[in-house]
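Right, one structure below, let's go through it.
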2 protein chains.
Amino acid sequence: MDIRTVAERANVSVATVSRTINRVPTVNAKMAKRVWDAIRELNYFPNTQARALVSGRSGVFGLIVSEITNPFFPELIQGFEDVAVENGYEILVSSTNYDPKRWELCIRRMLERKVEGVAVMTFGIEEPLLEQLAERNVPLVFIDSGPDRSQVSLLKVDYHHGIRQGVQHLAALGHRNIGFISGPSRLRSAHARLEAFTQSLRECGIPPQPEWMIEGDHTLEGGIRATEQLLAGNRLPTAVMCSNDMTAIGVLHKAYRAGLRVPADLSVIGFDDVQMARVMIPPLTSIQMSRVDLAHAAVTALRSHVENTAPQREYSIDTRLVVRESTGYPPGAMQDLRPADGA
Amino acid sequence: MDIRTVAERANVSVATVSRTINRVPTVNAKMAKRVWDAIRELNYFPNTQARALVSGRSGVFGLIVSEITNPFFPELIQGFEDVAVENGYEILVSSTNYDPKRWELCIRRMLERKVEGVAVMTFGIEEPLLEQLAERNVPLVFIDSGPDRSQVSLLKVDYHHGIRQGVQHLAALGHRNIGFISGPSRLRSAHARLEAFTQSLRECGIPPQPEWMIEGDHTLEGGIRATEQLLAGNRLPTAVMCSNDMTAIGVLHKAYRAGLRVPADLSVIGFDDVQMARVMIPPLTSIQMSRVDLAHAAVTALRSHVENTAPQREYSIDTRLVVRESTGYPPGAMQDLRPADGA
DNA sequence: GATTTTCGAGAAAATGTTTACTCGAATCCT
DNA sequence: AGGATTCGAGTAAACATTTTCTCGAAAATC
């Protein structure tokens, strides 16, 4: 069944059917009704590929994420899907798993399916591979930083705000010895978070301690390893901030293994505020970065490029501290804030 | 740049280029080389929409999941993506969030993009909506149960094996009072799990206690609520099995809130064995159902339908117990298995 | 060596849309 | 009222492929 069938049934030309479907205003209301009736009766819907072929527009946005199994990303994907579909776009999700081979496949898939724009929501970026997209003038959106070029937008995350809130929170509780487990150092965003941390530390008059700045990799295992490293040192910080929640969960786990009580012996702050943070034991204090905002901004940016309505180059995403129970007074402060029961 | 450009460059006809790309065996090796060279030099790749349009094959498989934010699903999606892409298919993922409105949108998206098959990996199924897919002869795969029709395959999960292992494990530890938090009762799979549980219980000579069979909804909140219900009763079981890991994590959380130690006061077993189970506090004993197996079987089933190579109607997926530390002797057994330190 | 068969490459139709162009009718202006 | 203009619907070209058919040349048969 195709548009011709509908045309015959409605006694109009195929062009009229097409115009009706695409809501071209010149079509007579009476005919439009005939067409819509025919469409409903036949349960017809247009063939996307034919449409895409002739119009040169696939109606698909690509979304590249680091790894779909990190709970941060599903929440992002969900948001992206929702707002994309709402605006009539389909999405093509692909995860790189930090593997260059997969990166290549990813890009290739995007290219083959002729996506109209790609949101690169991974934190590590393989610049040379993205060239292929840029070459073909595919609009792109990045988090934090990307090539400065037309057709490219940036989602600037205000790491500083949330991280400063976190540091101040810890400082207010009396912590002076605060560690940080960063993401992979080659990642700009990981660097930015670390930078925000040390700067916030200085603002609070606390000198950063290099021995407590550990490089993680944004995974559970990375968090566990980093904690081991911390435990192996001669002095332990009383609090540790993490570059993401998975890392923080790894820390929680290793602390439990090592018999360290959180927050009595060690306060922990995560970053992202994934759903799971709420039910960790203890519930994880974390810095929230809204996946919905991120997704919304990404789709908006992409849309504004393809439908070129004054494309904005930068969107800003803010972060804020969510205090739960993985942070408390440092050991020796002679107090324990942990409530007996809560929500 | 299109196939014509390649044809000119290679000095052959477009038909030959097409045949070369599609590896039709009749094309002369020498010409094929010329074509491949041209393709490489031009960095050409075929237009998927045109291809799909004429061949009537989109090369896309749909994947419908319940909710992408339940960690079970991302792992499944990842597996599905991997094996689909490996076989030259693209995937279109959509999540229903248990919302009939979204179900409808889901199906519509699948239909519009002309998917060649759909894996319905959600546990609740909206039969009437799926009619639309069946009508158009789209091959389908379901978990557990679905309409008995040609073009439909089933992934039969052997719940019994894993659940029996779980019950036996608990019984061996000395538990006689075992609760179960099921999924929504209208879900066949939830029912199947509950069934497997009560049967296993009987096999161990333990009479099932209706007051300890609580209906959850496969979410964190459901697990929390179910535990509250359990706590409100006059007798507490010494162990509780859950229909999925999210529920179990909710139980862990609520137990922590209520000051119940796991496993000293209450043993907990999950189902699915999501990645996160390993790092729960304490690490969660769970019944594993391999996402990779599931994904693999789903794609295999779909492929065998579209490439109709003797489509198999049923695939069986097994489950097995993974013992961690959320299970131990029941209170009063005067022993504590919890190790001082571990991995 | 002539006729038939096989083989492989090219020409062209077909796929389901959109959209520029065409063209008749209706409206408008003088 | 008659010509110009506007309006809206239909015709057909275009999109990038695949695939059927065609057809010439080479191979095989007698």
Side-chain angles (χ1 to χ4, degrees), chain A residues 1-39 42-60 88-90 111-116 136 306-307, chain B residues 1-39 42-60 88-90 111-116 136 306-307:
Chain A
M1 172 188 13
D2 58 5
I3 203 174
R4 219 174 327 267
T5 324
V6 179
E8 276 165 29
R9 177 134 191 163
N11 252 318
V12 297
S13 72
V14 292
T16 303
V17 177
S18 173
R19 280 188 286 253
T20 306
I21 292 173
N22 294 294
R23 304 213 134 76
V24 172
T26 62
V27 38
N28 183 295
K30 203 165 167 182
M31 296 199 118
K33 179 167 180 349
R34 282 222 306 276
V35 172
W36 286 121
D37 286 349
I39 286 177
L42 293 168
N43 200 6
Y44 161 87
F45 51 86
N47 179 318
T48 325
Q49 7 256 20
R51 250 182 171 181
L53 180 58
V54 62
S55 69
R57 300 199 36 198
S58 64
V60 177
Y89 288 87
E90 202 45 78
L111 249 22
E112 284 193 351
R113 293 282 159 179
K114 296 249 182 311
V115 296
E116 294 186 50
R136 288 179 161 83
V306 320
E307 301 164 12
Chain B
M1 172 187 13
D2 58 5
I3 204 173
R4 220 178 322 272
T5 324
V6 178
E8 277 165 29
R9 179 132 188 164
N11 252 316
V12 297
S13 71
V14 293
T16 303
V17 177
S18 173
R19 280 189 286 252
T20 306
I21 291 173
N22 294 294
R23 304 211 135 75
V24 173
T26 62
V27 39
N28 182 294
K30 203 164 166 181
M31 298 197 117
K33 182 170 178 350
R34 283 222 306 277
V35 172
W36 284 122
D37 286 348
I39 287 177
L42 292 168
N43 200 7
Y44 162 87
F45 51 86
N47 180 317
T48 326
Q49 6 257 20
R51 245 181 175 186
L53 179 58
V54 63
S55 70
R57 301 200 33 199
S58 63
V60 177
Y89 289 87
E90 202 45 79
L111 249 22
E112 285 192 351
R113 294 282 159 180
K114 296 250 184 306
V115 295
E116 292 185 51
R136 288 179 161 83
V306 319
E307 301 163 12

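Within every chain, numbering begins at 1; the chains are lettered A, B, ... in the order of the sequence lines, protein sequences first and strands thereafter. Heavy atoms only: backbone and side chains are in, while hydrogens, waters and symmetry mates are out.
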Item to check | Test item: A:Thr48 side-chain N/O and B:Glu112 main-chain N/O as donor-acceptor pair under 3.5 Å | outcome: yes
Next on the checklist: Given 3.5 Å as the limit, does a donor-acceptor pair link the side chain of A:Thr20 with the main chain of A:Thr16, or not?
Outcome noted: yes
Checklist entry - Using a cut-off of less than 4.0 Å, is there contact between a side-chain N or O of B:Asn22 and OP1 or OP2 of D:dT18? => result yes
Next on the checklist: Heavy atoms from C-beta onward define the side chain here; which of C:dG16, C:dA11, D:dA16 lies closest to that of B:Asp2?
Outcome noted: D:dA16
Item to check | B:Ile39 CD1 - D:dA16 C1' separation (whole Å) | outcome: 14 Å
Item to check | Which residue lies more 5' along DNA chain D, comparing A:Val14 with B:Phe45 via nearest heavy atoms | outcome: A:Val14
Item to check | Closest-nucleotide ordering on DNA chain C, the 5'-leading residue of B:Arg19 and B:Leu53 | outcome: B:Arg19
Checklist entry - Of the non-hydrogen atoms in A:Asp2 and A:Tyr44, which two are nearest, and what is the gap between them? => result C-CE1, 3.7 Å
Checklist entry - Atom CZ of B:Arg23 to atom P of D:dT18: distance rounded to whole Å? => result 13 Å
Checklist entry - Quick one: is C:dT18 close enough that its OP1 or OP2 comes under 4.0 Å of any side-chain N or O from A:Ser18? => result yes
Next on the checklist: Could you check whether any side-chain N or O of B:Glu90 sits under 3.5 Å from a backbone N or O of B:Val60, counting only pairs where one atom can act as donor and the other as acceptor?
Outcome noted: no
Next on the checklist: Looking at C:dT18, I'd like to know if its phosphate oxygens (OP1 or OP2) sit under 4.0 Å from a side-chain N or O belonging to A:Ser55.
Outcome noted: no
Checklist entry - Backbone N or O of A:Thr26 within a donor-acceptor pair of the A:Arg19 side chain at under 3.5 Å? => result no
Checklist entry - Has B:Tyr44 got a side-chain N or O lying under 4.0 Å from the OP1 or OP2 atom of D:dA16? => result no
Checklist entry - Quick one: B:Asn47 CG to C:dT15 P, roughly how many Å, whole number? => result 18 Å
Checklist entry - Whole Å only: how far is the CD1 atom of B:Ile3 from the P atom of C:dA9? => result 15 Å
Checklist entry - Out of D:dG10, C:dA9, C:dT18, which has the shortest distance to the side chain of B:Val27? => result C:dA9
Next on the checklist: What is the separation between atom NZ on B:Lys114 and atom C1' on C:dT15, rounded to the nearest whole Å?
Outcome noted: 12 Å
Checklist entry - Once you round it to whole Å, what is the distance between P of D:dG10 and CZ of A:Arg4? => result 14 Å
Checklist entry - In whole angstrom, what separates B:Asn28's CG from D:dA25's C1'? => result 13 Å
Checklist outcome for this item: When rounded to whole Å, the CZ to P distance for the pair A:Arg34 and D:dG10 reads 8 Å
Next on the checklist: Starting the side chain at C-beta, find the nucleotide from D:dT17, D:dT19, D:dA14 nearest to A:Val54.
Outcome noted: D:dA14
